[in-house]
Amino acid sequence: MTPPSLQVLFTPAESAVLNRRDLSDTVCIVFDILRATSTMMTALANGAREIVPVSEIEEALAVRRSRPEVILAGERNGLRIGADQTGGVEFDLGNSPREFSVENVSGKTIIMTTTNGTRALRACTAARTTLIGSFLGLRAIANWITAAPPRNLLLVCAGTLDQAAYEDALAAGGLCELICPDDAGGTVSDSAQIARQLYRAAQEDLFQAAKYGRNARRLLANPELRDDVAICLRRDVFGFLAGLSKDGAVRRLS
Ligand code: MLT
């Protein structure tokens, strides 16, 4: 059954004003396919205790000062945050899912700041529930939604810099396709229709489609990061749900 209100936010400008909305009866699913939300899912699959998304580098550094045991992770311009951006502290990890191995993250608390993904998550903190969206675990999210459709469902695409990101819209469309494959009597919103039609056109080969997106082109041009694109576009390799807890940390929910 289609949730009564299903909307897709495509751009960072839309999620930036979520704090003006009452989200107390809304479920948000945040997608930053390349790469933040895919990386968070990978970290949790590999045993990370929790990931605390923060918007700014300085916030991450402040947590590290009070909790020296935490791992710092994140990127700017796609690259791991270095000492030149922090006044001397090298971040432990960047934002590549391949870095978040069992050896690196098992049992750890990770403080993470990325250009778009962690900001989009922070924008959803007032939601009733906020889940981590990815192709890696899309089916699990769809199953959870169809088991008990929320009254308001908001698919939040994190975007790339200040623009929409094709791969995020594809994932939102993929979820729309799973939870409302039919038009459901014309009740599907225009934004959900747009995302779903994009996904339908691209679903046979997500890599071929997504590689034309801005962030995919940036990652594919970097020999050290190019493999991340295909890794983040794999479907349903994880069967668990992850979400934002009320204390602001992302944890496994199942
Ligand atoms: C972001 O949050 O903007 C992204 O995950 C960027 C990236 O590292 O590819």
Side-chain angles (χ1 to χ4, degrees), residues 9-16 18 28-45 48 51-60 71-82 85-86 90-101 104-105 110-125 130-137 155-172 206-207 209-234 242 244 248 250:
L9 304 187
F10 291 106
T11 64
E14 292 168 279
S15 45
L18 276 177
C28 292
I29 318 286
V30 178
F31 295 96
D32 189 348
I33 299 302
L34 297 176
R35 298 163 290 171
T37 54
S38 304
T39 296
M40 288 179 190
M41 290 297 288
T42 305
L44 293 169
I51 300 140
V52 181
V54 297
S55 301
E56 305 298 335
I57 292 173
E58 183 46 48
E59 292 174 72
I71 290 183
L72 296 184
E75 59 70 41
R76 290 296 181 267
N77 298 316
L79 304 176
R80 179 161 63 96
I81 294 165
Q85 292 155 293
T86 64
E90 289 278 354
F91 271 41
D92 304 292
L93 303 172
N95 189 28
S96 167
R98 288 171 294 139
E99 294 175 279
F100 292 67
S101 59
N104 285 343
V105 304
I110 302 165
I111 313 300
M112 188 168 186
T113 175
T114 69
T115 314
N116 286 63
T118 56
R119 290 200 178 125
L121 272 168
R122 297 289 311 154
C124 298
T125 48
T130 299
L131 296 184
I132 307 303
S134 70
F135 280 114
L136 305 173
L155 309 188
V156 179
C157 298
T160 299
L161 300 172
D162 59 350
Q163 297 175 11
Y166 186 26
E167 65 279 1
D168 296 344
L170 287 176
L206 288 177
F207 182 83
K211 76 178 189 187
Y212 296 108
R214 185 180 184 182
N215 201 17
R217 279 185 278 127
R218 177 174 67 177
L219 295 168
L220 289 168
N222 182 331
E224 286 181 16
L225 302 180
R226 61 182 316 146
D227 289 349
D228 289 352
V229 177
I231 286 171
C232 294
L233 294 174
R234 291 172 303 151
L244 203 52
V250 171

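First listed ligand is number 1; within each ligand, the first listed atom is number 1.
Proximity of a side-chain donor or acceptor of N215 to a complementary backbone N or O of L34 within less than 3.5 Å is detected. At distances below 3.5 Å, at least one donor-acceptor pair connects side-chain atoms of T113 with backbone N or O atoms of V54. Without hydrogens or angle criteria, T39 side chain to N95 main chain gives a donor-acceptor distance under 3.5 Å.
Within the listing of ligand 1, atoms 4 (C), 5 (O), 7 (C), 8 (O), 9 (O) sit less than 4.0 angstrom from a heavy atom of R35. Below 4.0 Å from some heavy atom of T114 lie the following atoms of ligand 1, by number and element: 1 (C), 2 (O). Using a 4.0 Å cut-off to heavy atoms of L34, the atoms of ligand 1 that qualify are 4 (C), 5 (O), 6 (C), 7 (C), 9 (O). Atom numbering of ligand 1 starts at 1 in the shown order; those under 4.0 Å from a heavy atom of N215 are 6 (C), 7 (C), 9 (O). Less than 4.0 angstrom separates some heavy atom of A36 from each of these atoms of ligand 1: 2 (O), 5 (O).
Counting only non-hydrogen atoms, the option in L79, N77, N95 that gets closest to atom 5 (O) of ligand 1 is N95. By heavy-atom distance, the residue among E75, R119, R76, M40 lying nearest atom 6 (C) of ligand 1 is E75. Looking at D228, L225, D32 and measuring to atom 4 (C) of ligand 1, the nearest heavy atom belongs to D32.
For the atom pair S38 OG and D32 CG, the distance stands at 7.5 Å (nearest 0.5 Å).
A donor-acceptor pair shorter than 3.5 Å can be found between the side chains of T11 and E14.
Ion pair R80/E90 flagged as a salt bridge, since at least one NZ, NE, NH1 or NH2 atom sits closer than 4.0 Å to an Asp/Glu carboxylate oxygen.
For the salt bridge (Lys or Arg N to Asp or Glu O under 4.0 Å) test, residues two or more places apart in sequence or in another chain that qualify with E58 are R65. The salt bridge (Lys or Arg N to Asp or Glu O under 4.0 Å) check on R122 picks up nothing, with sequence neighbours excluded.
For T118, no heavy-atom contact with ligand 1 is shorter than 4.0 Å.
From the protein, the heavy atom lying nearest to atom 3 (O) of ligand 1 is N116 N, 2.8 Å.
Residue G159 has no nitrogen or oxygen atom sitting less than 3.5 Å from a nitrogen or oxygen atom of ligand 1, judged on distance alone.
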